[in-house]
Amino acid sequence: MPDLQRHILLVEDEAALRQAIAEQLTDHGYQVAQAESGEAALSRLADFAFDIIITDLRLPGINGSEVLESAVARYPDIVAIVVTGFGTVKDAVEAIKRGAWDFVSKPFQIDELLHALDSALEQRRLKSENAYLRAQLDERYRFEGLIGKSAVMKRLFQLLETVAPTNSTILIAGETGTGKEVVARAIHHNSARRSQRFVALNCSAIPETLLEAELFGHVRGAFTGAIGNRQGRFEQAHKGTLFLDEVGTMSTALQTKLLRALQEREFERVGDSHTIKVDVRVIAATNSDLAKMVADGQFREDLFYRLNVIPIQIPSLRDRKEDIPLLVQHFLDKIQKEGSGAIASRRAAERSRGSASLSGERGASLSGERGASLSGERGASLSGERTITVSQDAMRRLMAYHWPGNVRQLENAIERAVAFSAGRPQIDVGDLPSEIQQAQEADIPSAVTLPEDGMDLGSFIGNIERELIERSLERTGGNKGQAAKLLGLKRTTLVEKLKRILK
């Protein structure tokens with residue numbers, strides 16, 4: 001069942017004011033997370049899909065305007081309210097331009113803020129067709145089909161830009177579904193070999209008895225069924241790039257032959273003694289720990305070092321969850337474009353069939369009533385006449401799930417969700433696969449970092465104590481007796497702590 005409670009990120013550097021606002025909002029049914037600075041706010045936004053952000057414009061360090069921009073860029077459907085003691089018309093206009101829904105000036109009554117929230121949430125509901133994160137999907141967050149703005153992906157893009165122009169052999173490591181072939185293709189298309197062929201071979205998909213012939217080719221009569229000469233993948237990739245996926249599944253004997261081909265840039269077809277020379281860049285990939293396989297005697301050490309000239313590690317999706325909203329929008333765009341093309345083709349075919357063979361009353365029924373239903377109601381839902389978005393509740397489940405199948409599994413989940421949305425403009429929790437629906441939303445993170453110039457331990461511990469007390473009160477609906485039991489305290493002790501916190 002979807003979580004109907006709205007999640008708010010409250011960004012305010014004045015602790016007493018922040019706490020007072022949080023308590024009032026909590027009393028009105030909101031779940032509130034607090035951030036005392038712009039830096040803390042950005043950290044929380046990276047890990048959690050908030051429904052609402054309320055931020056002061058004037059903050060130490062990263063200011064509220066930057067926080068606002070980051071929040072709206074990451075979550076275009078987020079409701080942003082700006083609160084400041086420096087309220088001017090200019091500030092209000094600038095805040096609206098940056099994506100704020102409303103502007104509240106200090107001092108204010110809580111009813112004024114609540115009214116602004118209610119109004120903004122209603123406007124968001126009425127604008128559910130708005131494009132979701134499309135503004136994010138530009139070249140700043142892409143590298144030849146790879147998408148991400150997380151720190152690990154930015155580092156990956158920088159590495160790919162560095163190594164792509166070289167001719168060095170590359171070993172890509174990563175879990176199943178992380179996009180190893182996509183990375184290999186990106187390297188090829190950014191290299192000097194881009195005008196030549198990119199040839200891919202999944203070593204685990206070819207029977208061991210046929211893999212050698214698949215790699216190096218064969219001559220007629222080399223083995224049963226070899227009725228003619230055939231080029232192998234090495235020859236096909238001459239002057240281009242050869243991508244060997246799941247290279248760790250090769251037998252030791254074939255590893256030896258591959259090592260020679262890499263070292264000497266030459267080989268013989270199966271059943272032939274003629275040596276063929278090639279100019280090929282090899283990119284290998286594996287989801288196994290080849291170093292461990294070398295230690296266990298399952299993979300040749302010399303081949304490992306020959307392949308591992310430039311190692312590239314692809315992060316798992318659970319290690320870059322902040323990229324999930326970007327990826328979701330990318331897959332939604334892709335599905336809608338494919339649906340639009342398929343519908344256009346079907347319409348053309350229907351017109352052709354209708355004019356060629358469907359005449360009379362029966363033909364009119366098929367091409368008219370039924371065709372109109374298919375190309376109208378269903379077609380409109382996929383042809384681009386509407387934009388599919390994802391509810392924040394569904395996005396939280398997507399971000400909470402552990403994704404064992406990584407990006408490939410996410411794409412399949414979004415495709416399924418679009419199908420189950422049945423023409424609705426927004427995907428909700430019920431449209432997701434059951435295992436994702438059951439994913440527990442991650443607790444709103446409370447980052448623990450040690451600044452370079454040190455910290456006030458007493459203040460830090462006090463903040464943790466305050467947050468635990470707040471959460472216990474949230475869970476118990478404000479019942480101090482039950483909250484005290486959750487914390488293992490006497491009610492009187494909890495009351496005293498609350499008095500101290502609110503001072």
Side-chain angles (χ1 to χ4, degrees), residues 1-11 25 29-35 38 40-55 67-81 99-101 117 120-121 123-125 127-128 130-137 141 147-151 153 317-333 387-403 407 410 413-414 417 421 425-433 435-447 474:
M1 180 177 178
D3 179 9
L4 298 179
Q5 192 174 38
R6 302 291 187 181
H7 294 259
I8 293 180
L9 176 60
L10 176 60
V11 190
L25 292 173
Y30 293 99
Q31 185 167 331
V32 184
Q34 299 182 39
L42 295 183
S43 176
R44 290 179 180 274
L45 286 166
D47 294 326
F48 195 82
F50 290 94
D51 299 291
I52 303 159
I53 181 170
I54 302 172
T55 181
V67 172
L68 176 64
E69 281 193 36
S70 179
V72 173
R74 188 183 299 277
Y75 307 112
D77 272 352
I78 196 169
V79 170
I81 306 291
W101 289 74
L117 284 172
L121 288 169
Q123 289 181 54
R124 187 181 74 170
R125 186 186 68 79
K127 293 179 66 178
S128 60
N130 282 351
Y132 187 86
L133 283 165
R134 188 167 281 107
Q136 291 283 319
L137 294 175
Y141 306 132
I147 294 171
K149 61 177 293 186
S150 60
M153 289 303 290
L317 187 54
R318 61 182 169 276
D319 290 331
R320 58 182 188 110
K321 287 191 174 183
E322 63 186 279
D323 290 331
I324 288 177
L326 285 174
L327 290 165
V328 167
Q329 184 57 49
H330 169 70
F331 295 138
L332 285 175
D333 288 346
T387 299
I388 303 174
T389 63
V390 178
S391 71
Q392 290 294 83
D393 194 19
M395 186 64 74
R396 285 193 284 268
R397 303 302 172 94
L398 291 169
M399 293 178 74
Y401 188 61
H402 61 286
W403 298 109
V407 178
L410 175 62
I414 296 304
S421 67
Q426 189 170 76
I427 291 171
D428 211 340
V429 174
D431 303 319
L432 301 174
E435 65 272 17
I436 300 174
Q437 292 184 37
Q438 295 165 10
Q440 295 296 313
E441 292 182 16
D443 287 338
I444 300 173
S446 185
E474 288 171 4

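Index from 1, following the sequence.
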So do [Y] and [X] actually touch side chain to side chain, heavy atoms under 4.5 Å?
| X | Y | result |
| --- | --- | --- |
| Lys321 | Ser150 | no |
| Glu322 | Arg74 | yes |
| Val407 | Arg320 | yes |
| Ile147 | Gln329 | no |
| Tyr401 | Ile324 | no |

Task: Listed partners of Ala417 passing side-chain contact (heavy atoms from CB on, under 4.5 Å), at least two apart - done: Ile427, Asp431, Leu432
Task: Check: Ala49 main-chain N/O paired with Arg396 side-chain donor or acceptor under 3.5 Å - done: yes
Open item on the list: Given 3.5 Å as the limit, does a donor-acceptor pair link the side chain of Arg44 with the main chain of Gln34, or not?
Closed with: yes
To the nearest 0.5 Å, what is the distance between [atom1] on [X] and [atom2] on [Y]?
| X | Y | atom1 | atom2 | value |
| --- | --- | --- | --- | --- |
| Ile436 | Leu410 | CD1 | CG | 7.5 Å |
| Ile78 | Leu68 | CD1 | CG | 9.0 Å |
| Ile414 | His330 | CD1 | NE2 | 11.5 Å |
| Arg318 | Trp403 | CZ | CH2 | 12.5 Å |
| Thr389 | Asp428 | OG1 | CG | 9.5 Å |
| Ile8 | Leu117 | CD1 | CG | 5.0 Å |

